[in-house]
Amino acid sequence: MKTKQWSVQINIGEDGKNTHVRATLTTMNGMTIEGSGHARRNPRDRAVPEIGDELAAGRALIDLGHRLVQLANAEVAQSAAGL
């Protein structure tokens with residue numbers, strides 16, 4: 001069995017009540033795919049930065065997963081068209 005390793009880097013930026021995250025996947029051959037996520041704290045909520053980080057990072061990873069599936073679907077369609 002061959003093992004491959006892909007890396008995901010999570011960059012978190014906070015601006016007051018807003019948290020923005022960029023998740024970047026890098027494959028072994030150097031291809032990169034990015035996803036993004038955002039979270040906004042309600043002004044009435046207590047400031048707990050970790051919660052915003054977690055929400056925004058989770059949303060960025062979900063976005064990244066959707067983009068990865070879309071890429072695979074496009075490559076399958078392209079491959080099938082070439083048959």
Side-chain angles (χ1 to χ4, degrees):
M1 183 170 136
K2 184 177 178 181
T3 302
K4 299 177 184 180
Q5 183 173 341
W6 292 358
S7 299
V8 176
Q9 182 169 351
I10 305 289
N11 294 306
I12 302 171
E14 295 175 331
D15 178 18
K17 295 175 266 187
N18 297 298
T19 303
H20 307 281
V21 172
R22 172 131 339 253
T24 305
L25 170 83
T26 305
T27 66
M28 290 176 47
N29 67 0
M31 179 181 72
T32 61
I33 302 170
E34 293 185 347
S36 63
H38 307 282
R40 181 180 7 212
R41 180 175 55 86
N42 185 313
R44 295 180 300 230
D45 290 344
R46 188 169 54 95
V48 183
E50 295 81 14
I51 295 172
D53 294 350
E54 293 164 354
L55 282 171
R59 291 169 179 164
L61 290 169
I62 289 168
D63 184 45
L64 177 63
H66 287 283
R67 291 174 189 266
L68 192 57
V69 169
Q70 288 174 345
L71 176 63
N73 285 336
E75 289 174 348
V76 166
Q78 185 179 12
S79 177
L83 291 178

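Residues: numbered from 1 along the sequence shown.
- The CD1 atom of I33 lies 5.0 Å from the CG atom of L71; values are rounded to the nearest 0.5 Å.
- Scanning for side-chain hydrogen bond (donor to acceptor under 3.5 Å, both in side chains) contacts around Q9 gives N11, with sequence neighbours left out.
- Scanning for salt bridge (charged side-chain N to carboxylate O under 4.0 Å, His left out) contacts around R22 gives E34, with sequence neighbours left out.
- Residues satisfying the salt bridge (charged side-chain N to carboxylate O under 4.0 Å, His left out) criterion with R40, sequence neighbours excluded, are absent altogether.
- Within the structure, the ring pair (Phe, Tyr, Trp, His ring centres under 6.0 Å) test picks out the following pairs touching residues 28-80 (sequence neighbours left out): H20-H38.
- The side chain to side chain contact (heavy atoms under 4.5 Å, CB included) search around M28 returns K4, W6, not counting sequence neighbours.
- Legend: side chain to side chain donor-acceptor pair (under 3.5 Å) pairs involving residues 42-61, not counting sequence neighbours: none detected.
- Identified under the salt bridge (Lys or Arg N to Asp or Glu O under 4.0 Å) test for residues 60-70, with sequence neighbours left out: D63-R67.
- Closest non-hydrogen pair, G52 versus T19, comes out as O-CG2, 3.8 Å.
- With sequence neighbours left out, the side chain to side chain contact (heavy atoms under 4.5 Å, CB included) criterion links I10 to V8, I12, V21, A23, A57, L61.
- Residues passing the side-chain hydrogen bond (donor to acceptor under 3.5 Å, both in side chains) test with N73: none are found, sequence neighbours excluded.
- Remark: T27 engages N29 in a side-chain hydrogen bond (donor to acceptor under 3.5 Å, both in side chains) (not counting sequence neighbours).
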